[in-house]
Amino acid sequence: MTAVGNPEHDNRGVEGQLTPEERRVWESVTSGGWKLLEQVNQGLSDAGFSSSPDLRVLETLGREPRMRISDVAAATHIQMSTISRQISRLIDQGLVERVDDVEGDDARHRWVRPTAAGREHLRELVACRDAMVRQHVIDVLGEDDFRALGEIYGKLA
């Protein structure tokens with residue numbers, strides 16, 4: 001008689017737990033993901049750019065003419081307190097500006113957008129990031145696996 005949910009006798013884990021094989025796969029996903037982020041962040045740093053979180057925020061802001069800070073937080077999956085500090089830092093650097101002349105909107109909402117310098121910085125950041133993705137992902141996986149990876153992560157999103 002086999003024990004119900006015993007990973008040694010069953011392909012499923014106990015009450016949602018991963019089997020040893022599933023755990024190995026998950027560890028491969030997380031280890032590979034962290035290594036990739038390390039390589040991309042190091043490449044950005046070597047090129048003189050500050051951080052990938054700035055890229056995330058600037059890319060998000062670059063998609064719209066202006067955004068509320070709360071919408072930037074939601075789109076980037078960064079906590080509101082953290083995104084507020086990051087946006088303040090980007091404002092201090094001249095890469096982002098507040099938009100105060102938004103008519104018809106509740107004055108409690110804080111709107112921001114990239115400055116001209118911010119858009120140029122974003123263009124340079126994206127070019128550097130794209131080179132890192134090509135080198136560390138596409139050249140390693142190939143076009144078909146890269147496309148499949150995008151589809152897989154698209155399902156998770």
Side-chain angles (χ1 to χ4, degrees), residues 7 11-14 16-100 102 109-157:
N11 288 333
R12 297 174 304 152
V14 176
Q17 291 181 2
L18 298 179
T19 65
E21 177 58 22
E22 290 167 336
R23 190 167 288 115
R24 279 190 291 279
V25 170
W26 178 246
E27 288 170 358
S28 179
V29 168
T30 58
S31 175
W34 286 115
K35 180 63 177 174
L36 176 60
L37 286 175
E38 175 189 34
Q39 291 170 325
V40 170
N41 285 335
Q42 186 61 55
L44 291 173
S45 177
D46 290 348
F49 294 107
S50 59
S51 68
S52 61
D54 287 354
L55 172 61
R56 251 169 98 190
V57 170
L58 287 171
E59 267 190 315
T60 299
L61 284 171
R63 293 185 192 118
E64 302 291 335
R66 61 183 169 79
M67 289 185 79
R68 291 182 303 207
I69 294 175
S70 58
D71 293 333
V72 177
T76 58
H77 307 285
I78 298 173
Q79 291 183 352
M80 186 65 179
S81 60
T82 303
I83 203 75
S84 292
R85 285 190 305 275
Q86 188 172 6
I87 296 246
S88 292
R89 188 175 45 75
L90 291 169
I91 288 170
D92 291 345
Q93 293 173 350
L95 301 175
V96 171
E97 64 186 355
R98 286 187 176 83
V99 181
D100 295 326
V102 180
H109 294 291
R110 296 181 300 169
W111 294 82
V112 292
R113 67 180 170 212
T115 62
R119 287 188 297 277
E120 177 60 23
H121 185 74
L122 174 60
R123 188 190 64 71
E124 293 169 359
L125 253 170
V126 167
C128 184
R129 187 272 321 272
D130 288 356
M132 297 294 105
V133 170
R134 175 147 320 277
Q135 177 184 356
H136 297 292
V137 183
I138 298 172
D139 290 350
V140 172
L141 296 179
E143 292 285 342
D144 291 341
D145 284 347
F146 178 65
R147 197 170 299 106
L149 182 66
E151 290 173 13
I152 289 166
Y153 275 94
K155 288 179 182 179
L156 296 174

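Hydrogens, waters and symmetry mates play no part in the numbers below; they use all other heavy atoms, side chains included. Remember, it's a predicted structure, so these values are computed and weren't measured experimentally.
Leu44 and Arg129 get closest at one heavy-atom pair: CD2-N, 4.0 Å. The two residues Val29 and Tyr153 make their nearest non-hydrogen contact at CG1-OH, 3.8 Å. Shown here for Gly43 and Met132, the closest heavy-atom pair between the two residues is CA-SD, 3.4 Å. The heavy-atom pair separating Ala73 from Ile83 by the smallest distance is CB-CG2, 3.5 Å. Closest of all the heavy-atom pairs between Glu22 and Thr19 is OE1-N, 2.8 Å. Of all heavy-atom pairs between Val96 and Ile87, the closest is CG1-CG2, 4.3 Å.
The 12-atom threshold is not exceeded at CZ of Arg98, counting heavy atoms of other residues, nucleotides or ligands nearer than 6.0 Å.
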Note to self: side-chain contact (heavy atoms from CB on, under 4.5 Å) for Asp130 and Arg134? Distances and angles first, verdict last.
What the structure shows: CA-CA 6 Å; Asp130 288 356; Arg134 175 147 320 277; over 6 Å; no
Note to self: side-chain contact (heavy atoms from CB on, under 4.5 Å) for Arg123 and Val126? Distances and angles first, verdict last.
What the structure shows: CA-CA 5 Å; Arg123 188 190 64 71; Val126 167; over 6 Å; no
Margin query: Could you go through Gln79 and Ser84, starting from their C-alpha distance and side-chain angles, then the distance that decides it, and tell me whether this counts as side-chain contact (heavy atoms from CB on, under 4.5 Å)?
Written below: CA-CA 9 Å; Gln79 291 183 352; Ser84 292; over 6 Å; no
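Distance check: Leu125 CG to Leu95 CG gives 9.0 Å after rounding to the nearest 0.5 Å. Of the inter-residue distances, the one linking Asn41 atom CG with Leu36 atom CG reads 9.0 Å to the nearest 0.5 angstrom. To the nearest 0.5 Å, the span separating CD1 on Ile69 from OG on Ser88 amounts to 6.5 Å. A distance of 7.5 Å separates CD in Gln135 from CD in Gln39, rounded to the nearest 0.5 Å. Between atom NE2 of residue His136 and atom CG of residue Leu37 there is a gap of 11.5 Å, rounded to the nearest 0.5 Å. Between Asp71 atom CG and Arg66 atom CZ the span is 10.0 Å, to the nearest 0.5 Å.
Between the side chain of Thr115 and the backbone N or O of Gly94, at least one donor-acceptor pair lies under 3.5 Å. With hydrogens and angles ignored, the 3.5 Å screen pairs no side-chain donor or acceptor of Arg119 with any backbone N or O of Gly62.
Ion pairing between a basic and an acidic side chain is recognised when a charged N comes within 4.0 Å of a carboxylate O; Arg89 and Asp92 show no such pairing. Using a cut-off of 4.0 Å between Lys/Arg side-chain N and Asp/Glu carboxylate O, Glu27 and Arg24 are scored as not salt-bridged.
Taking 4.5 Å as the limit, some side-chain heavy atom of Leu122 sits within range of a side-chain heavy atom of Leu55. You'll find the side chain of Leu61 stays beyond 4.5 Å of the side chain of Arg113, heavy atoms only.
Partner Asp54 forms a side-chain hydrogen bond (donor to acceptor under 3.5 Å, both in side chains) with one of Gln93, Gln86, His121 and no other, that one being Gln86.
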